[in-house]
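No experiment lies behind these values; they were computed from the predicted model shown. We name chains A, B, ... by the order of the sequence lines, and we start the count at 1 in each one.
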Amino acid sequence: MMELAAVLVVEDDPTLREVVGELLAEEGYAVQQAANGLEALDCLLEQRPAVIVLDLMMPVMDGWEFLRQARERGLLGSSRVVALTATRMTRDSERSLGVDALVPKPFDIPALLSTLARLRVVSGQ
Amino acid sequence: MHVLPREAGAELEGALSPRRARTSFRRGRSLRSKLVGLALLTLLPALLLGAIDSFAFLVHEREAVQRAALVTARLAAQHAWELARGTDHFLDALSEVETVKRGAPEQRDQLFAAIVSRYPRYNAIFFIGLDGQEQGLSTHQPGQARLDLSQRPEFQEALQTRSFTIGRQPVQAPWTGEPVVRMLAPVLDEQSSLLGFVGAGLKLLRLQDLWANLELPMGTAVSLVERNQGLVFARTPQGEERPGQSVAAEVVEALRAHDGGTHEYRSEDGTEWLAAFARIEDTPWAAVVAVPAEVAFADWRAALVRTAALLLLAFVLALGLARALAARLAAPARALAAGALALAAGQLQHRVVVRSGDELERVADQFNAMAAQLERERALLEERVAAATAAQARLLAAEREARADLQAVLGAVEQGVMLVGADGRVRFANPRLSELFGGNLLPAGDRPNRGQVVERMRERVAEPEPFEQRLGELYGQPRLVAHDTVEVTDPTARTLERYSAPVYTEDGQVLGRIEGYTDVTELRRLERLREEFLTVAAHELRTPLASIHALAQLLLRNVEAGKAIDPVRLRRSLSTILRQSQRLNGLVLDLLDVSRLRQDRLELRPALADLAALVRDAVEQVTPIAEAGQHRLALDVPAAPLQGAWDPARVEQVVLNLLSNALRFSPPGTEVRVTLAGEVDGALLSVADHGQGIPPNEVPRLFRPFERALDPLTRYQAGLGLGLYLARGIVQAHGGRIWAEPAEGQGTTFYVWLPLGARGVR
C-alpha cells in the first residue's frame with residue numbers, strides 16, 4: 001500500500017467527492033476524503049498526502065481558511081495542492097492562493113490526472 | 001441753528017444738484033440792525049447841525065456872560081475915573097486960588113474947612129510945601145501939629161512929576177479911620193515955579209456907594225485895585241474892605257498886560273471865579289469885577305444841560321424811530337429768512353406771508369411758489385423711492401425665498417454638498433455633509449477656510465494622506481472633474497463617493513469648486529452581495545455539473561476503451577447523473593422563481609389540497625437526508641385531513657425549504673419538530689430546530705435574497721440561500737405570513753400561517 005501516492009480529496013458535495021474519489025482510486029491513488037477544511041486538517045494530522053485536491057467553497061471551513069491554518073500550523077509539509085474552483089474569480093490565482101495548480105469545475109478528467117501526475121513527479125514520490 | 005437730517009439734506013442736494021446756483025451773501029449783522037444804521041445815518045446830519053448850533057449858542061452865551069462882566073468892570077472903572085477926574089479938576093481949580101498960593105497956613109485951614117464942608121466926598125483938603133510939611137489942613141485944630149508927608153510916596157512922586165498924582169496906597173483917615181486915597185496937584189506961581197501941592201483925601205466909600213448902584217449878580221465883588229501891586233483900595237459889597245490885600249496873582253498879571261478883559265481862576269478856598277477888569281485912565285487903578293463862576297455861568301450851565309438833554313432826547317427818538325422803521329422794513333425779510341430756514345430743514349409745507357406790497361411781497365410769492373414746487377417734487381420723489389423700495393423688497397423677498405428653497409433642497413438631498421470659492425473659503429455646506437462624515441465639519445464663524453474643513457475630514461477618513469493629496473490635486477486644477485471614493489472610518493465605516501467639479505459663473509469664470517459626497521455604503525454592499533451571489537450561484541450550479549461531467553467522461557472513456565461496464569455501477573452512475581440533473585433543474589427553477597418574485601410575477605395554481613398529507617409527504621422526502629445527518633424528525637400533524645385552497649406544489653416547496661434549512665443548520669443528533677394545527681380560518685405550521693439560533697436583529701435578513709453569502713458567521717453553506725426568500729414570497733402570495741422566533745431552550749422556530757381560502761381561489 002505504501003507505493004500508492006496518497007491524495008486527499010476535500011469537497012463538501014458528497015456526490016462529487018465520491019466521483020472524484022472513485023476516479024482517483026481507479027487511477028491508483030490512495031484516496032482519503034474530507035467534507036470540509038476542518039476535517040482535512042484532522043486528516044493532515046494523521047497523514048501527509050502527496051497531493052490535496054481542494055474545493056474552495058465549503059461550509060464549516062472553506063478552502064482559503066484551510067490553507068491559511070495548514071500553513072500556519074506547518075501541516076502542509078511537502079504536500080502539493082490542487083484547487084478546484086467553480087468560479088473564475090480574479091482574486092484567486094495560483095500565486096495569490098499559494099497553490100500549485102488551479103483546476104476549474106467542471107473538470108476534464110485527463111487534465112486533472114495529468115496535473116496530479118506532474119505534481120507527483122515534482123514532489124518526488 | 002438749523003441742522004438738516006443727513007438723509008433729508010442728501011435728498012435735497014440730490015434733488016437740486018442739476019440746477020445748482022449760488023446767491024452771494026456776505027457775513028454781517030442782521031438786516032434790521034443795518035436798516036437802523038441807515039436810518040441813523042440819515043438823521044445824523046440834522047442831529048450834528050443841531051449839536052453844532054447848540055454848541056455855538058453855548059459859546060456865544062459864555063462870551064455874553066464874560067462881556068457882561070467886562071461891561072460892569074468898565075462901568076465901575078468909569079465911576080472911579082470920574083471921581084479921579086473930578087478931583088483933578090477940583091484941585092486944579094484950588095491951585096489957582098490966591099489964598100492957596102500965598103496964604104498963611106491958618107488962612108488955608110479956614111478955606112479948606114469951608115470947602116470940605118461943601119464936598120463931603122473928601123475927608124480932608126490940605127496944602128503941602130515943597131519940604132513935604134503940611135501948611136494948611138481942612139481939619140486942622142488950633143494947637144495941633146502940622147503933618148509931615150515928606151516920606152510919602154505920593155508926595156515924592158508928585159514932587160518928581162510936578163503933575164497931578166494919585167496915591168498908590170490907600171490911607172486910613174487919621175480920625176475917622178475910613179479908607180481914603182490921597183491926590184496931589186501942583187501949585188504954581190505966575191512963572192510956573194512950584195510953590196507946593198494942594199491935596200485932597202478922597203473917601204473911597206464914595207466910590208463904593210456909586211458901585212452899589214450897579215446891578216450885580218449874587219456874590220459879585222467889585223474892587224478898585226492898584227495895577228502894579230494888585231492892592232485893593234476899595235471893594236463892594238460894603239463892609240468887606242480888605243485894605244492892603246492883593247487880588248490873585250494871575251489877575252495882577254493880566255492887569256499889568258491888558259487894558260481890560262476877563263479871566264477865570266480858582267481862589268485859594270477852591271471857589272471858581274470869573275474876573276473882569278478895566279484900566280482906569282489917568283490913574284494907577286483898575287476896576288475888577290469878580291463873579292463866582294457858579295453864579296455867572298448858572299444860566300449857561302442850565303442851557304448846557306438843557307441842550308444836552310434835548311440832543312439826547314432827539315437821538316433817542318431818532319433811534320427809536322429808526323428801529324421801528326427798520327423792524328417794519330425788515331419784517332418781510334425776516335419772514336423770508338425764517339421761511340428759507342424752514343425749507344432747508346425740510347419743512348416744505350412752510351409758506352411765507354408778506355403783505356408789504358413791495359418787491360419783498362413778490363419775492364415771498366416767488367418763494368412760496370418755489371416751496372410748492374419743491375413740495376411737489378419731493379412728494380414725487382418720495383413716491384418713486386417708496387415704489388423702488390417696495391420693488392426692492394419684493395425682489396429681496398423673492399431672492400430670500402429662492403435662497404430658502406435652495407437651502408431646503410440642499411438640506412434635504414441625500415448628498416453632502418460643499419461649495420468652495422476661488423479664494424479657498426467655504427461658501428456653502430449643507431448639514432448632510434457633516435452627517436456623512438459623522439461629525440461637525442464646519443468651524444464656527446462665517447465662511448471658514450477650506451483647510452479647516454479638510455483638517456476635520458482627515459480625522460475621519462481611512463487614509464488621510466491620499467485623501468488630502470487628492471483634494472490638493474483637485475484644487476490645483478480648477479477645471480478638473482473627478483469621481484473619487486472616500487472611506488470614512490470614524491465613527492462608523494462608510495463608503496462615500498465624491499463628485500467634484502468646478503462651478504462656473506455665467507460668463508465662464510471659475511467661481512469655485514463643488515464637492516458632493518454620496519453615501520454609497522449600501523450600494524457597494526449590494527454590489528458586493530450580487531457579486532458574491534453570482535460566485536455562489538456559479539459554484540452551486542457547477543458542483544452537480546462537475547459530477548455529471550466527470551461521470552459522463554468516465555462512462556465514455558470506458559465505452560471507448562471497450563471495457564465492460566459493471567451493470568450495478570453503471571446504474572449507480574446514471575442515477576447519480578439523473579439526480580444531479582434534477583438538482584441543477586431545481587436550482588434553475590429557484591433562480592427563475594426569484595426572478596419572478598422580484599418582478600412580482602409569481603403565479604399560483606390553487607386547488608383543494610390536504611395540508612396534513614402534504615406535510616407528511618414532505619417529511620418523508622427529507623427523511624433520508626435527516627438520517628444521513630443523524631437528525632430525528634418529530635411529526636405532530638393531525639390525522640384528519642386539513643383541507644384548503646392552496647397551490648400544492650408551492651406549499652410543498654415552502655415546507656421542504658423549511659425542513660432542509662432546519663436540517664442543515666442543526667447539529668447532528670438533534671431533533672427537528674414539525675407541527676401542523678388547524679385553526680378557524682387557517683392553518684399554522686411550525687418547524688423547530690435546535691441549531692445555534694439566530695440573533696433577533698438578524699431575523700429580518702433571513703428572508704431577504706442573496707444575504708447569506710456575506711454572512712461572516714455562517715460562511716459558506718451549500719445552496720443558493722434563496723429558500724426562505726422564496727418561502728416568504730410564496731406564503732405572502734397565498735395571503736399568509738411567515739416569521740421566525742427563538743425556540744424554547746435552543747434553536748429557532750419558523751412559523752407559517754396560511755389562510756384556508758387563498759386569494760384568487762373560488
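Donor-acceptor pairing under 3.5 Å is lacking for the side chains of A:E39 and A:Q33. Using modelled atom types and a 3.5 Å distance limit, the side chains of B:D689 and B:H631 yield no donor-acceptor pair. Checking B:T485 against B:E497 by side-chain atom types alone, no donor-acceptor pair falls below 3.5 Å. Under 3.5 Å, the side chains of B:Q580 and B:R583 contain a donor-acceptor pair of N or O atoms.
The candidate from A:D13, A:V19, A:T15, A:I109 with the greatest count of non-hydrogen atom pairs under 4.5 Å with chain B is A:I109. The residue among B:L541, B:I548, B:L554 with the most heavy atom pairs within less than 4.5 Å of chain A is B:L554.
With a 4.5 Å cut-off on non-hydrogen atoms, A:N36 does not touch chain B at all.
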